[in-house]
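Along the sequence shown, the residues carry numbers beginning at 1. For ligands, and for the atoms within them, numbers begin at 1 and follow the listed sequence. None of the values given here were measured: they were computed from a predicted structure. The basis for the numbers below is simple: all heavy atoms, side chains too, and nothing from hydrogens, waters or symmetry mates.
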Amino acid sequence: MWPKSRIMIIAQISDTHLAFDAPDAAQRLRDFERAIADINALDPAPDVIVHTGDIVHNGRQDEYAVAAAILAKARAPVYVLAGNKDDRANLRAAFSERGYLAPDSEFIDYAIDDFPVRLVVLDTLKPGSNKGAFGPLRVKRLHDLVNAESTKPIAVFTHHPPFEVLVGPDRLHFETPETMSRLREALQQSGRVVAVFSGHVHRATAGHVGNIPATVVTCIATPLRRGDYPAHMKTRPVYYIHRFDPACGFVTETRIVGDEPPAASP
Ligand SMILES: [Fe+2]
């Protein structure tokens, strides 16, 4: 039983883009490891960690093996979703152990009921495209996930943000405005979704889905981060801590991982 006065804490990381073939591969690996170490040191500890996709850059099994090993070091339970750079089959195989990913499902979408806020994780991936998709079948699956429980508030996690992003070159991160509208309508239907948390854009931004506040966390991979950061922050990963208080809803804090340790002497 969850004590009424206890605040639920979610750490959200995104877009680690782990790769072996990129010139900055070592930095991406270091950023990912340092983010997990930082989350492990938080006091109070988070109840759960959600990775909002683009876990790896090329969807390869060997990339997922490294990503899974890093996430296995997290003290809090970790949930993952698929971004446009992810491969559903390889992602599912790498993270099948804990049993929350249905092995035979076309999409990587699910609900977690262990907390005072339900976590509903959606699949907006369209293989071969950087843009998001959300067809009628996924709308039905979203309604089924939402309607499986009717008392708790819901936080929804997507890779592609379901709102127009007013900073940066791309306002729309779905294939068409109609696709995004379909998802936005579905999210508002129950009246129980209290927040939408996304990634993909590689910069921090925010918007709304009707009355629902929606945010984007920047990428963990510091070489891929967009927007201006001062020099001393260039190699410090950034992630979000979402705290849920039943009286106030979610309050989001930006967490900046500490200074990079000095390189070991040769
Ligand atoms: Fe992405």
Side-chain angles (χ1 to χ4, degrees), residues 11-25 27-29 31-32 35 49-61 63-64 66-68 70-71 78-92 94-95 101 107-110 120-135 138 156-177 179-180 183-184 187 196-207 209 214-227 229 237-240 254:
Q12 181 197 0
I13 60 173
S14 202
D15 294 84
T16 40
H17 288 267
L18 214 63
F20 301 129
D21 57 356
D24 54 17
Q27 183 66 45
R28 297 187 200 187
L29 177 67
D31 291 339
F32 198 173
I49 301 168
V50 182
H51 190 312
T52 40
D54 283 356
I55 302 167
V56 304
H57 196 69
N58 302 295
R60 284 166 36 173
Q61 287 177 347
E63 293 171 335
Y64 283 115
V66 173
I70 294 169
L71 290 174
V78 180
Y79 295 94
V80 300
L81 58 77
N84 50 295
K85 297 289 187 187
D86 287 307
D87 175 278
R88 286 195 188 104
N90 288 341
L91 183 156
R92 197 180 270 118
F95 295 99
L101 299 173
F107 299 109
I108 294 179
D109 50 7
Y110 53 88
V120 168
V121 173
L122 300 182
D123 183 329
T124 55
L125 171 61
K126 180 180 183 188
S129 172
N130 281 337
K131 299 278 188 182
F134 210 76
R138 283 186 253 200
V156 169
F157 294 84
T158 67
H159 182 67
H160 301 86
F163 60 89
E164 280 193 42
V165 172
L166 301 181
V167 288
D170 296 321
R171 288 173 81 108
L172 183 67
H173 292 276
F174 281 80
E175 285 183 299
T176 63
T179 308
M180 190 169 78
L183 171 54
R184 288 171 63 84
L187 288 168
V196 179
F197 300 127
S198 305
H200 182 62
V201 185
H202 293 203
R203 69 168 85 219
T205 187
V209 179
T215 54
V216 167
V217 68
T218 190
C219 54
I220 287 291
T222 55
L224 305 179
R225 203 159 58 192
R226 301 203 177 107
Y229 283 81
V238 170
Y239 65 93
Y240 278 169
T254 300

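Looking only at N/O/S atoms, H200 comes nearest to the Fe ion (ligand 1) through ND1. Per residue D54, closest N, O or S atom to the Fe ion (ligand 1): atom name OD2.
Taking 2.8 Å as the criterion, N130 does not count as a coordinating residue of the Fe ion (ligand 1), since none of its N, O or S atoms falls below it. With 2.8 Å as the limit, H159 counts as an N, O or S neighbour of the Fe ion (ligand 1). The Fe ion (ligand 1) has no N, O or S atom of D15 under 2.8 Å away, backbone or side chain.
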Discussion item. For a side chain to side chain contact (heavy atoms under 4.5 Å, CB included) check, start with the C-alpha distance between I55 and E63, then their side-chain angles and the critical distance, and finish with the verdict.
Written reply: CA-CA 9 Å; I55 302 167; E63 293 171 335; over 6 Å; no
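The number of heavy-atom neighbours closer than 6.0 Å to NZ of K131, taken from other residues, nucleotides and ligands shown, is above 12.
Atom OH of Y240 is separated from atom CD1 of I13 by 14.5 Å, given to the nearest 0.5 angstrom.
Each of L122, V216, L187 was scored for a side-chain contact (heavy atoms from CB on, under 4.5 Å) with V196, with one residue passing: L187.
Residue K126 comes nearest to E175 through the heavy atom pair NZ-OE2, 2.6 Å, listed as atom of the first residue, atom of the second, then distance.
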